[in-house]
Protein chains: 2
Amino acid sequence: MNTSENISPENYANWFALYKLCQLAKERKYIEISSVEFGEILGLSQQTGSRRINDLEQLGWIKRKIDGKSQKISITKEGATIMLSIYRELRNLLESILIIGEVTEGIHEGGYYVSIRGYFQQFKERLGFEPYKGTLNLRLSDTDNEILREKLKNITPIIIEGFKDLNREYGPVKCYDVYISRMDDEKNKHKAAILDIQRTHHKENIIEILAKPYLRDYFNLKDGDKLIIDISKDKQSVSSLS
Amino acid sequence: MNTSENISPENYANWFALYKLCQLAKERKYIEISSVEFGEILGLSQQTGSRRINDLEQLGWIKRKIDGKSQKISITKEGATIMLSIYRELRNLLESILIIGEVTEGIHEGGYYVSIRGYFQQFKERLGFEPYKGTLNLRLSDTDNEILREKLKNITPIIIEGFKDLNREYGPVKCYDVYISRMDDEKNKHKAAILDIQRTHHKENIIEILAKPYLRDYFNLKDGDKLIIDISKDKQSVSSLS
DNA sequence: ATTACTAAGAAGCGAGTAG
DNA sequence: TCTACTCGCTTCTTAGTAA
């Protein structure tokens, strides 16, 4: 089943009606609603409310029993499939228009950096949080990586200064403020930072994320899970427009 | 931000237009499209294509650069947020209108049953597949459990007959054909069976799933992950209508 | 080529009302 | 009360065309 066939100009009014009915179905069993009430929910008249319910029934997206005064509505398997396919299509689209990183087992180099005393103190002061002594490694697609790098160019990084100790010299490190979140959970949008280490040894598009909590636990992650990386410059476009 | 405010009757035409633009954005960088082409994609005229793009720009959902002949369009953060919030809202709705089970560590009783020789041979023959010798335990919400039980009543179960051996007597077991899938992956819809063991010791709404592969690996699951349980009687409604 | 204006035409909505 | 019909009116779309 092709999603584009399901929502097309002729019936996105119906799709919206189904969406609203599903919201009502949250409270479950079946939906008992009059055309007046449904019209109000749609922000339209009783007549249109009635028409929409008719149309949805015709489309086979809902079933109903009219019982004199009241009508009982339920979502059919077809209706649910429509919703599910739109959901899935949206998920695919979002993976294209957002920068998504895939949790991966890293080489813990970032973690090593964080632990170094001379850096750690600076991270604490300049990032605005005391970072967990380890990084979360996220693998980006080529395109996402490209876009991310381009975006980062337009952002002034937080500079962690280099220093020397008895043994060796430590170079400066750049960080970038970001927000990290799961695709399916809007409440947990966590402040974090991209740790920009110039790396020679993995060509792969892996970025390292610093945050106060241990992110794998905080977001309940396993390898392969996907996170949204949000470089919150509000008015910016998400797909790059050079 | 409230999703219901984002898609309302006045602007779902715009929402749909944004959705279509995002599909185009899949191919990335920026979208370079004429109003004629966009009209065609919408199934509408050039004029409307042009108007939609204008409207979307007005809403701040897209940015564009008109460059003589061609215009380059990109999705703004606001636009992406709209899409993301609809995605999330849909996810919530789907969790209400579909039967969703949460992966949980079971007591492995089902697994014990499967392994028993007298049962195993029957499972193999009657389910149409050779089950993995263990079950996946899914916890249901009270409502989902109620609805599932009600649905199962209307389905003729696969009966696995009881038998005796030297030590004890084994009772009959009922199974129900289902399809199991992740919410985010339409390709992997796997044939499985609910193993209906009358259980006294967990009051919790846990069902046990039989399938050929080890489902935790097959779907890459961890505890708490959610699966759709699809009792595929096609013309049936998903929300119960008695 | 494009985008986008205006005016005519089509589609959709709601008032009135029947069943 | 309900749902849902017809019909007038409003809104949106398209044709023609300018920039």
Side-chain angles (χ1 to χ4, degrees), chain A residues 4 6-21 24-25 29-76 79 237 241-242, chain B residues 4 6-21 24 29-76 237 241-242:
Chain A
S4 345
N6 296 327
I7 39 175
S8 59
E10 308 92 61
N11 65 10
Y12 47 70
N14 288 327
W15 182 86
F16 181 71
L18 180 64
Y19 177 88
K20 281 297 181 187
L21 273 178
L24 295 168
K29 287 302 190 187
Y30 44 76
I31 309 150
E32 194 160 356
I33 195 170
S34 71
S35 56
V36 181
E37 290 171 296
F38 192 53
E40 270 166 24
I41 285 165
L42 297 174
L44 297 167
S45 67
Q46 172 268 322
Q47 290 85 344
T48 304
S50 170
R51 211 181 351 247
R52 288 281 193 279
I53 292 172
N54 266 322
D55 292 349
L56 292 181
E57 195 181 17
Q58 221 78 58
L59 285 163
W61 295 357
I62 63 168
K63 276 204 309 193
R64 68 170 156 173
K65 281 184 181 170
I66 307 174
D67 183 25
K69 286 168 170 282
S70 78
Q71 59 184 341
K72 291 175 182 179
I73 294 171
S74 64
I75 318 290
T76 62
S237 53
L241 202 150
S242 88
Chain B
S4 343
N6 294 330
I7 38 173
S8 59
E10 307 92 64
N11 65 9
Y12 48 69
N14 288 327
W15 182 86
F16 180 71
L18 180 65
Y19 176 89
K20 282 295 181 188
L21 272 178
L24 296 168
K29 287 299 191 190
Y30 46 75
I31 310 152
E32 192 160 358
I33 193 169
S34 71
S35 56
V36 181
E37 290 171 295
F38 191 53
E40 270 166 23
I41 284 165
L42 296 175
L44 297 166
S45 66
Q46 171 269 320
Q47 290 84 345
T48 305
S50 170
R51 208 189 354 252
R52 289 282 193 279
I53 292 172
N54 267 322
D55 291 349
L56 291 182
E57 194 181 22
Q58 220 78 57
L59 284 164
W61 295 357
I62 63 169
K63 277 203 310 193
R64 70 171 156 174
K65 282 184 181 169
I66 306 175
D67 183 24
K69 285 170 173 279
S70 77
Q71 60 185 342
K72 289 174 183 179
I73 294 172
S74 64
I75 317 289
T76 62
S237 52
L241 201 151
S242 86

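Within every chain, numbering begins at 1; the chains are lettered A, B, ... in the order of the sequence lines, protein sequences first and strands thereafter.
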Taken to the nearest whole Å, CD1/I62(B) to P/dT3(C) is 12 Å

Picking from dT13(D), dT3(D), dT2(C), the nucleotide nearest the side-chain atoms of T48(B) would be dT13(D)

K72(A) atom NZ is separated from dT3(D) atom C1', nearest whole Å, by 17 Å

Which of dT3(D), dT14(D), dG14(C) is nearest the side chain of Q46(A)? It is dT3(D)

Check: Would you say Q71(A) reaches dT3(D)'s phosphate, i.e. side-chain N/O to OP1/OP2 under 4.0 Å?
Finding: yes

Note: L42(B) and G49(B) closest approach over all heavy atoms is CD1-CA, 4.4 Å

Considering only heavy side-chain atoms of S45(A), the closest of dA4(D), dG14(C), dT3(C) is dG14(C)

From CD1 of I66(A) across to P of dC5(D) the rounded distance in Å is 11 Å

When Y19(A), F16(A), W15(A) are each screened for ring-ring contact (aromatic ring centres under 6.0 Å, His included) with W15(B), the one that passes is W15(A)

Separation of dT3(D) atom P from I33(A) atom CD1, nearest Å, is 10 Å

Only residue of R64(B), K63(B), R52(B) satisfying side-chain hydrogen bond (donor to acceptor under 3.5 Å, both in side chains) with E57(B) is R64(B)

| What orientation do Y12(A) and Y12(B) show, parallel under 30°, tilted 30 to 60°, or perpendicular over 60°? | perpendicular

Just N and O in the side chain of R64(A): are any of them under 4.0 Å from OP1 or OP2 of dA4(D)? yes

side-chain contact (heavy atoms from CB on, under 4.5 Å) with S50(B): of N54(B), T48(B), I53(B), only one passes, and it is N54(B)

Expected list for residues 50-60 of chain B near DNA chain D, using heavy atoms below 4.0 Å, is R51(B), R52(B)

Start with the C-alpha distance between K20(B) and L24(B), add both sets of side-chain angles, then the distance that settles side chain to side chain contact (heavy atoms under 4.5 Å, CB included), and finish with yes or no.
CA-CA 6 Å; K20(B) 282 295 181 188; L24(B) 296 168; 5.7 Å; no

When rounded to whole Å, the CG to P distance for the pair L42(A) and dG12(C) reads 15 Å

Value for CD (E37(B)) from CD (Q46(B)), rounded to nearest 0.5 Å, stands at 11.5 Å

Closest of dC5(C), dC13(C), dC2(D) to the L44(A) side chain is dC13(C)

note: E32(A), atom CD; dC2(D), atom P; distance rounded to Å ~ 12 Å

Look at the side chain of Q47(A) against the base of dG16(C) and say whether a donor-acceptor pair falls under 3.5 Å; ignore hydrogens and angles. yes

